[in-house]
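Some notes on the structure that comes next.
Order of the sequence lines fixes the chain letters, A, B, ..., with proteins taken first and strands second; residue numbering starts at 1 for each chain.
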Number of protein chains: 2
Amino acid sequence: MAQSDTVDRILDAAEELFAERGFSETSLRMITSKAKVNLAAVNYHFGSKNALIHAVFARFLTPFSATLEKAFDELEERCGDQPPTLNQTLWALTESAVRMPQRNEKGISIFMRLLGLAYTQSQGHLRKFLEQEYSEPFSRFMRLLKAATPQLSAVDRYWRIQFMLGATAFTMSSSDALRDILQNKTGVETSVQEIAARLVPFLAAGMQAEDTLLVSPAGSKVPVA
Amino acid sequence: MAQSDTVDRILDAAEELFAERGFSETSLRMITSKAKVNLAAVNYHFGSKNALIHAVFARFLTPFSATLEKAFDELEERCGDQPPTLNQTLWALTESAVRMPQRNEKGISIFMRLLGLAYTQSQGHLRKFLEQEYSEPFSRFMRLLKAATPQLSAVDRYWRIQFMLGATAFTMSSSDALRDILQNKTGVETSVQEIAARLVPFLAAGMQAEDTLLVSPAGSKVPVA
DNA sequence: TCGTGCTTCAAACGTATGTTTCAAACAGAC
DNA sequence: GTCTGTTTGAAACATACGTTTGAAGCACGA
């Protein structure tokens, strides 16, 4: 057995199980038996379960954020002095995600679900870890979004970004199931790229919705306080 | 102590703790000590932890789905023979949620977070329970969405509904955290009603986005296969 | 060939969980 | 007051968890 094939087997199994069942609902024993390694190997190689969770994220996120930085560099260079548009920014992100070298066919959707879980499950340590390690590409993306939507107030933009994150994380996280449902109902096959291609226009339209207005059932428009 | 004050105290404590920490991360001992009842009371009154989770949802969801049915009835009556618009449909839903009689000031946001968790945490038993008990108002909502977006192909509509669900569930599931972050950053206070009022236009705009096109980085439009 | 450092292994540790038990306390009807 | 069915209480149950231990296995340079 090569030097530490074990480490990768653990990471693979953990990644998949975490995505399927969440962090607390996945035990080290499930991980090690799926990975076919000894239980103690996790604590030997990673130190703790939390450190394993961090390692799962780091394995994907570190190369991804590098790819993303490059994509943003290219985009900004291509745009010259004017800021990239919303579509271009979103596209740079999804392209980077889709183009990442994948360990297997489920790669990207597994990771989308993990990111969603990281946001959703209140694992304090994980949020801290991600903020410390990957704050830079994240805030760069935020700056690009801000420049691309100058018409929005800071508060509007904040919430709409959360809506985008939600639609993305949720859809990607269950994209396998959703694809299967659609396949059974209509016979239509869908690739992750196609889902992304449908998602981006949805997000862009929502992000650029004309105004945050309350449209009452009667049809009259009422501005939000 | 009244007939079963205990039951309500357990439900109150459980609701709050589940919303704060998730289901698996909340132990019966936390619940019973917060509710100031004996540990065995949960299994005595509810039978199991899962049954308690169901009871927490049922206490809110049963009156809510009745309210929702009425709101849809009124909406369809008011619209006569033409189908309600997308805005009207989404609005009927959020109005029903916001107008529900609340046990306390946090009522609605607690429950929003619980609904988000229900979708997000893969608690099989919960999803089954919700599908069995509340499938009718859900599929009625789906029918209304279909009638309100006749311009969409079935496939487009399918995906865009998933996007809406995602944005909603995700935002709701972390609405407290998101509100706190915004509060700390900008000092802006946000009510659940305001979040909903921002979410609905976002969803409506995304749902009605002009076409599912792929906008490449260069800006050229490429139709999806 | 023998050591040495890294890795694996089976077993155990202590702790926390959901659930059960059974006696005590209680309420209401007679 | 006494009986009866319901509810509470303290304690224990079995199980599962993350983690630790110490011996066995292994690769590889001296």
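With sequence neighbours excluded, the residues forming a salt bridge (charged side-chain N to carboxylate O under 4.0 Å, His left out) with A/K34 are A/E16, listed by chain and number. Every residue meeting the salt bridge (charged side-chain N to carboxylate O under 4.0 Å, His left out) condition with A/R140, not counting sequence neighbours, appears here in chain and number order: A/E69, A/D73, A/E76. Every residue two or more places apart in sequence or in another chain that forms a salt bridge (charged side-chain N to carboxylate O under 4.0 Å, His left out) with B/R59 is listed here: B/D12, B/E15.
We find that A/R9 and A/D5 are joined by a salt bridge, their nearest charged nitrogen and carboxylate oxygen being less than 4.0 Å apart.
Residue pairs meeting the salt bridge (charged side-chain N to carboxylate O under 4.0 Å, His left out) criterion with at least one partner in residues 41-55 of chain B, sequence neighbours excluded, are absent. Among residue pairs with one or both ends in residues 176-207 of chain A, those qualifying as ring pair (Phe, Tyr, Trp, His ring centres under 6.0 Å) are A/F202-B/F163; sequence neighbours excluded.
Here the P atom of nucleotide D/dC17 and the CG atom of A/L17 are 12 Å apart, to the nearest Å. Between A/D5 atom CG and D/dC26 atom P there is a gap of 16 Å when expressed in whole angstrom units. Between the CZ atom of B/F46 and the P atom of C/dG18 there is a distance of 15 Å, rounded to whole Å.
For C/dC6, neither phosphate oxygen OP1 nor OP2 lies less than 4.0 angstrom from any side-chain nitrogen or oxygen of A/H45.
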Below 3.5 Å between N/O atoms, which protein atoms pair up with nucleotides 18-21 of chain D? Just atom names and distances, please.
unit_1 : atom_1 : unit_2 : atom_2 : d
D/dG18 : OP1    : A/K49  : NZ     : 2.8
D/dG18 : OP2    : A/L28  : N      : 2.8
D/dG18 : N7     : A/R29  : NH1    : 2.8
D/dG18 : O6     : A/R29  : NH2    : 2.8
D/dT19 : OP2    : A/N43  : OD1    : 3.4
D/dT19 : OP2    : A/K49  : N      : 2.9

